[in-house]
Amino acid sequence: MLQQTRVESVSPYFQRWMEHFPTIQKLADAPLQEVLGVWEGLGYYSRARNLHLAARQVMAQGVAIPSTSRELRRLPGVGRYTAGAIASIAFGENVAALDGNIRRVLARLFNVDLPARSPQGEARLWELAEKYLPEGAAGDYNQALMDLGATICTPRLPQCAVCPIKEFCQAFQLGIQEQRPVSLPKQSIPHYQVAAAVMQRGGRYLITQRLLKGLLGGLWEFPGGKQEPNETLPECLARELQEELGIQIKVGEPLNVYRHAYTHFRVTVHTFLCQWQEGTPEPQLIQVQDLVWTEPGELANYPMGKVDRQIASQLVLGIPARDTEI
DNA sequence: CAGCCGTGGGT
DNA sequence: TACCCAAGGCT
């Protein structure tokens, strides 16, 4: 949960997670749907799918959590950092754990001028993270550097005046602490116009499950997709539902518009009230994992990303129920 | 290996 | 408002 996510964000999710899945066995036995539901809102949903798989792998292999960094790394979702953190903190192994905080602390302490996220920069920082590991106290050392980075050696406005190791900090001595770590040149992110269908049929609404890989994998959504050049939003919606579900629809009145920023792009989502055309083929699983016509009161049972949860919540509050007369 | 993969809070 | 980036891993 803590991968790329702050402790303050994780904390309530962790509490709830441990109530739902108090043992590895319970997690391994749970359906993916429930796992994603408890994870909903935390983002990077492959972490939930991988943790679920890891629990099943542990139960299949002998019921015990691996206790060495080498064995931990064989679990899906556990890379060099996570394996090092667990092995050093929980099992006392003398191994490094380079996270965003330690990366920043070491880049300043040793004035690393290679971009921290470049392959060369990563290699240098891992080397530094291993070089001063105190035998028998690697866990405390790793945690101390993480906490220093989280509280004092912050990305902006680091509190160098109260830093316990400022006399050893090369960047501070040179007065360039805010220019370390060096970051890679940023790339501009695209902005897409997206259309999503609120398909109404006899008091129920159509939601579809995304394929298990990729963005929001395994989560449910109101079907639709990105607008293409020289295409209106209603045309986009009709095309997308034909492609994904093989259905012909009537696009009705526009509903709400939502804006959202993902890691690598932004979207403006335009929702439309839609109808399935009587007498035409039923929805099929063409480019979706699954589909269901659900009542508004049951939407909460289907894990969704933020935008689709907002759309669903709006439905629960109520939109005009006039499907049978159109 | 460079590009993907969410969301929230801080500035 | 817009941008940064966080207890990274996978393909």
Q: Would you indicate what A/A97 reaches in the nucleic acid, counting non-hydrogen atoms under 4.0 angstrom: base, sugar-phosphate, or nothing?
A: nothing
Q | Cluster check A/L233, A/V307: I/L/V/M/F/W/Y, side chain < 4.5 angstrom | A | no
Q. Can you tell me how far C1' of B/dC4 sits from CZ of A/R47, to the nearest Å?
A. 14 Å
Q. Checking A/R73 side chain against A/R70 main chain: does a donor-acceptor pair fall under 3.5 Å?
A. no
Q. Counting only N and O atoms by type, is there a donor-acceptor contact under 3.5 Å from the side chain of A/T280 to the main-chain atoms of A/Q277?
A. yes
Using a 3.5 Å cut-off and no angle test, enumerate the donor-acceptor pairs between side-chain atoms of residues 75-84 of chain A and protein atoms at least two apart in sequence or in another chain.
{"from": "A/R80", "atom 1": "NH2", "to": "A/E130", "atom 2": "OE2", "distance (Å)": "3.1"}
{"from": "A/T82", "atom 1": "OG1", "to": "A/Q3", "atom 2": "NE2", "distance (Å)": "2.9"}

Q.
Applying a 4.0 Å non-hydrogen cut-off, can you work out what A/L157 is touching in the nucleic acid: base, sugar-phosphate, or nothing?
A. nothing
Q: Would you indicate, yes or no, if C/dC4 has its OP1 or OP2 atom less than 4.0 angstrom from a side-chain nitrogen or oxygen of A/K186?
A: yes
Q) Which residues, if any, of residues 299-317 of chain A bring a heavy atom under 4.0 Å of DNA chain B? A) A/G305, A/K306
Q) With A/C153, which of A/N101, A/L145, A/V105 fulfils side-chain contact (heavy atoms from CB on, under 4.5 Å)? A) A/V105
Q. Whole Å only: how far is the CD1 atom of A/I189 from the C1' atom of B/dG6?
A. 13 Å
Q: Begin with the C-alpha distance, continue with both residues' side-chain angles, and end with the deciding distance and a verdict on side chain to side chain contact (heavy atoms under 4.5 Å, CB included) for A/F265 and A/Y192.
A: CA-CA 8 Å; A/F265 62 95; A/Y192 302 117; 3.6 Å; yes
Q) Is a side-chain N or O of A/N142 found less than 3.5 angstrom from the main chain of A/V95, in a donor-acceptor match? A) yes
Q: Determine the Euclidean distance between corresponding P atoms of B/dG8 and C/dG9; express it in Å to zero decimal places.
A: 22 Å
Q) Looking at the side chain of A/Q187, which of B/dT7, B/dA2, B/dG3 is the nearest nucleotide? A) B/dG3
Q) Between atom CD in A/E40 and atom P in B/dG6, what is the gap in whole Å? A) 13 Å
**Q.** Whether A/F110 and A/Y132 hold their rings parallel, tilted or perpendicular, with breakpoints at 30° and 60°
**A.** parallel
Q | Euclidean distance for P, B/dC5 against C/dA7 (whole angstrom) | A | 23 Å
Q. Between A/H260 (NE2) and C/dA2 (C1'), how many Å, whole number?
A. 16 Å
(Q) Between P on B/dT7 and CZ on A/R259, what's the gap in Å once rounded to a whole number? (A) 17 Å
Q | Between B/dT7 (C1') and A/M1 (CE): distance, integer Å | A | 14 Å
Q: Establish, yes or no, whether a centroid distance under 6.0 Å links the rings of A/Y262 and A/H260.
A: yes
Q | A/E122 CD - B/dA2 C1' separation (whole Å) | A | 13 Å
**Q.** Under 4.0 Å protein heavy-atom contact, by nucleotide of nucleotides 6-11 of chain C - B base, S sugar-phosphate only
**A.** BBBSS-
Q: For A/E178 and C/dC4, give me the distance from atom CD to atom P, rounded to whole Å.
A: 15 Å
